[in-house]
Amino acid sequence: MYTALRLQRKLKRELGRGGAEITVVTPDPYMTYQPFLPEAAAGSLSPRHVVVPLRRVLDRCHVIVGEAESVDHAARTATVTTLATGEEGTGARRIAYDELVLAPGSVSRTLPVPGLADHGIGFRTVEEAIGLRNHVIEQMDIASTTRDPAIRDAALTFVFVGGGYAGVEALAELEDMARYAARYYHNVRPEDMKWILVEATGRILPEVGEELGRYTVAELRRRNIDVRLRTRLESCAGRVAVLSDGARFPTRTVVWTAGVRPHPVLAATDLPRDGRGRLKCTARLTVEGVEHAWAAGDAAAVPDVTAEEPGTECAPNAQHAVRQAKVLGDNIVRALRGEPLRTYAHAHAGSVASLGLHKGVAQLRGHRLTGCPAWLLHRGYHLSRVPTVNRKARVLAEWTLAGLFAREIVSLGSLEHPRAEFELAAGGKPSQDPPGDPKGSS
Ligand SMILES: Cc1cc2nc3c(=O)[nH]c(=O)nc-3n(C[C@H](O)[C@H](O)[C@H](O)COP(=O)(O)OP(=O)(O)OC[C@H]3O[C@@H](n4cnc5c(N)ncnc54)[C@H](O)[C@@H]3O)c2cc1C
């Protein structure tokens with residue numbers, strides 16, 4: 001989206017005269033600002049405010065809602081499927097291009113853990129974040145109404161695997177929300193819930209540095225969250241999370257945020273990839289050794305020219321993705337005009353993470369902040385980064401309103417299956433899993 005925005009602005013004249021055409025292929029008609037997903041899960045932001053409608057912002061581009069299945073760069077064609085190609089039975093569409101920008105990001109890196117494919121929940125999309133929120137509140141409802149202590153115990157046990165940004169922020173925000181929501185339940189107290197963070201290495205939140213990582217462990221433990229370092233999830237079959245330290249937790253909630261891997265579509269191209277499957281790129285964001293192919297973000301292995309150690313690559317995060325995308329857009333225009341290309345150079349500015357309402361950690365240009373100041377910095381930073389003035393205004397308005405009223409604690413799980421009630425009324429059986437059950441686990 002950022003590259004297309006840049007191109008649309010810089011090629012304004014050419015687009016007007018039919019001298020250029022920008023086509024954006026995307027599975028969803030919106031861009032997701034992932035750093036806001038934990039706040040969406042906690043109910044601090046509405047789901048529609050963490051996404052940007054592509055058709056509105058890319059009004060001079062041709063937006064195709066579909067998926068690139070493969071790219072034959074030698075022939076300069078991409079094979080794309082859309083919802084319509086499925087219905088028409090005409091097979092995938094081939095799109096010819098002059099310049100290719102490949103930025104499909106990454107997908108969850110899963111491991112062959114028994115039960116994970118059946119019961120695990122990811123945390124990369126708006127649907128997953130909102131589904132998880134509904135699921136957690138629904139588990140509290142189940143715990144509040146059951147007379148079976150085993151069901152209650154499993155409902156109130158929440159296991160998160162992976163101590164990076166996504167895992168720590170999602171757990172911390174949801175725990176904070178559930179702790180608040182518990183005051184509206186006559187028989188569910190915060191201390192009845194078990195929140196467990198499982199991390200394979202000896203530290204969490206490597207993004208904010210070692211010291212703040214240690215602070216975060218202490219802070220989460222102070223909130224009674226069970227942080228288990230150097231521990232792995234070995235199985236979650238039969239809805240029992242079995243850990244490598246021998247602990248066993250019956251649970252209906254296993255959230256998997258243990259890393260990412262490059263999007264599999266990269267393997268369906270004739271472009272060079274590194275050992276980890278990312279596209280080999282130059283610091284000018286061209287694909288190495290290939291003309292007219294460009295890449296950025298999590299899918300691209302871009303040399304970090306600011307790093308002291310040679311061979312260092314840019315980390316897969318939003319900080320690089322957004323900045324690379326802009327340089328990439330500029331470089332395409334420069335290449336078209338025969339001008340020299342710019343090198344992408346961005347020294348790590350720092351990192352911010354939210355640990356719930358009014359709690360956070362931040363590391364900015366060597367300065368470390370914790371608690372409310374860090375949380376304010378986190379909000380300020382992401383407000384400045386979320387694309388478009390329209391979105392910024394909506395997010396700010398929502399935060400302001402939320403500060404004046406009580407937190408939202410409702411689960412709208414039934415939105416996920418809007419036909420269920422009608423199907424029952426019509427005498428049939430609801431065709432889908434019960435509401436609020438992201439993976440059929442309740
Ligand atoms: C919960 C969470 C919190 C995070 N918090 C932070 C943070 O605080 N700070 C930070 O720096 N980073 C954070 N990150 C990481 C950051 O969001 C990513 O590094 C960043 O989004 C990568 O950008 P990208 O453009 O490469 O990929 P994406 O943002 O994933 O975009 C890729 C797009 O390509 C589309 N696509 C995929 N396959 C195809 C296909 N075949 N055809 C067409 N389109 C396709 C996808 O649908 C998607 O829209 C967080 C990530 C998560 C999940």
Side-chain angles (χ1 to χ4, degrees), residues 1-4 23-42 50-52 54 63-71 78-82 92 95 100-109 122-129 132 160 162 164-174 205 207-208 255-269 278-279 281 285 295-302 314-326 328 346 348-354 360-363 377-379 381-382 385-387:
M1 187 199 77
Y2 276 102
T3 301
T23 301
V24 179
V25 179
T26 166
D28 302 304
Y30 51 80
M31 177 264 194
T32 304
Y33 189 71
Q34 284 178 334
F36 274 156
L37 291 182
E39 288 219 31
V50 304
V51 300
V52 182
L54 294 180
V63 176
I64 296 181
V65 176
E67 234 172 284
E69 296 288 322
S70 61
V71 175
T79 306
V80 172
T81 50
T82 65
I95 299 180
L100 170 74
V101 177
L102 205 47
S106 46
V107 294
S108 295
R109 188 190 46 181
F123 198 81
R124 300 191 50 77
T125 64
V126 182
E127 294 80 358
E128 286 172 332
L132 187 57
F160 285 66
Y165 264 134
V168 171
E169 289 194 300
L171 177 145
E173 287 280 1
L174 280 161
L205 273 190
E207 296 87 349
V208 295
V255 183
W256 182 267
T257 54
V260 294
R261 64 184 170 91
H263 198 286
V265 71
L266 302 180
T269 70
R278 295 192 292 173
L279 292 176
C281 291
L285 304 165
D298 286 9
V302 178
C314 298
N317 60 35
Q319 205 175 120
H320 282 300
V322 166
R323 289 176 172 85
Q324 285 172 354
K326 291 178 182 167
L328 198 168
H346 168 63
H348 185 67
S351 296
V352 291
S354 151
V361 282
Q363 183 256 105
L377 189 66
H378 157 86
R379 282 204 158 178
Y381 173 75
H382 284 302
R385 291 287 136 191
V386 71

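Order of appearance sets the numbers: ligands from 1, and atoms from 1 within every ligand.
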Item to check | Closest non-hydrogen atom pair, T257 against G167 | outcome: OG1-CA, 3.1 Å
Next on the checklist: Determine whether a donor-acceptor pair (N or O, by modelled atom type, separation under 3.5 Å) exists between the side chain of E128 and the backbone of T125.
Outcome noted: yes
Checklist entry - Would you say atom 14 (N) of ligand 1 has a protein heavy atom nearer than 4.0 Å? => result no
Checklist entry - How does H382 reach ligand 1, by side chain, by backbone, by both or by neither, if only non-hydrogen atoms under 4.0 Å count? => result side chain
Next on the checklist: With a heavy-atom distance limit of 4.0 Å, tell me whether P35 approaches ligand 1 through its side chain, its backbone, both, or neither.
Outcome noted: both
Checklist outcome for this item: Counting from 1 in the order shown, the ligand 1 atoms closer than 4.0 Å to a non-hydrogen atom of G297 are 26 (O)
Next on the checklist: Under a 3.5 Å distance rule, please check whether T3 uses its side chain to pair with a backbone N or O of A325 as donor and acceptor.
Outcome noted: yes
Checklist outcome for this item: V255 and F123 have their tightest heavy-atom pair at CG1-CB, 4.4 Å
Next on the checklist: Main chain of S354, side chain of E169: is a donor-acceptor contact present, judged purely on distance under 3.5 Å?
Outcome noted: yes
Item to check | Donor-acceptor contact present, side-chain R109 to main-chain A258, <3.5 Å | outcome: yes
Checklist outcome for this item: In short, E207 meets Q363 closest at the heavy-atom pair O-NE2, 4.0 Å
Next on the checklist: Taking 4.0 angstrom as the limit and counting only heavy atoms of A321, give me the atoms of ligand 1 inside it, by number and element.
Outcome noted: 22 (C), 23 (O)
Item to check | T26-ligand 1 polar pair, N/O distance under 3.5 Å | outcome: no
Checklist entry - By number and element, which atoms of ligand 1 are closer than 4.0 Å to a non-hydrogen atom of A166? => result 1 (C), 2 (C)
Next on the checklist: Could you tell me, atom by atom, which parts of ligand 1 come under 4.0 Å of a heavy atom of F123?
Outcome noted: 1 (C), 53 (C)
Next on the checklist: Using a 4.0 Å heavy-atom cut-off, which part of A318 comes near ligand 1: side chain, backbone, both, or neither?
Outcome noted: both
Checklist entry - Has ligand 1 got any nitrogen or oxygen that is less than 3.5 angstrom from a nitrogen or oxygen of A299? => result no
Checklist entry - For ligand 1, which atoms sit closer than 4.0 Å to a heavy atom of E67? => result 40 (C), 41 (N), 42 (N)
Next on the checklist: Quick check: closest heavy atoms across M1 and V52, and the distance to 0.1 Å?
Outcome noted: SD-CG1, 4.0 Å
Next on the checklist: Counting non-hydrogen protein atoms only, what is the nearest one to atom 31 (O) of ligand 1? Give residue, atom name and distance.
Outcome noted: A103 O, 4.3 Å
Checklist entry - Counting each atom of ligand 1 from 1 as listed, which ones have a heavy atom of A68 under 4.0 Å away? => result 40 (C), 41 (N), 42 (N), 43 (C)
Checklist entry - When you measure from the side chain of R124 to the backbone N and O of S106, does any donor-acceptor pair fall under 3.5 Å? => result yes
Next on the checklist: Checking the N or O distance criterion of under 3.5 Å, is ligand 1 in contact with Q319?
Outcome noted: yes
Checklist entry - Got an N/O contact under 3.5 Å between D298 and ligand 1? => result yes
Checklist entry - With distance as the sole test, does Q319 use its side chain to make a donor-acceptor pair with the main-chain N or O of G350 at under 3.5 Å? => result yes
Checklist entry - Among G105, P38, A41, A170, whose heavy atom sits nearest atom 28 (P) of ligand 1? => result G105
Item to check | Whether T26 side chain and D28 backbone form a donor-acceptor pair below 3.5 Å | outcome: yes
Checklist entry - Looking at atom 38 (N) of ligand 1, what's its closest protein heavy atom, distance included? => result H263 NE2, 2.9 Å
Item to check | Nearest-neighbour protein heavy atom for atom 43 (C) of ligand 1, which is reported as residue plus atom name and distance | outcome: V25 O, 3.4 Å
Checklist entry - For the residue pair G105 and A299, what are the closest heavy atoms and their distance? => result O-CB, 3.8 Å
Checklist outcome for this item: Nearest non-hydrogen protein atom to atom 48 (C) of ligand 1, with distance, is P104 O, 4.7 Å
Checklist outcome for this item: Taking only non-hydrogen atoms of P27 and a 4.0 Å limit, the atoms of ligand 1 in range are 35 (C), 36 (N), 43 (C), 44 (N), 45 (C), 47 (O)
Checklist outcome for this item: Under 4.0 Å from one or more heavy atoms of P316, ligand 1 contributes atoms 19 (O)
Item to check | Structural part of Q34 in contact with ligand 1, heavy atom criterion under 4.0 angstrom | outcome: both
Next on the checklist: On a heavy-atom basis, which atom in A321 and which in G297 lie closest, and how many Å separate them?
Outcome noted: CB-CA, 3.8 Å
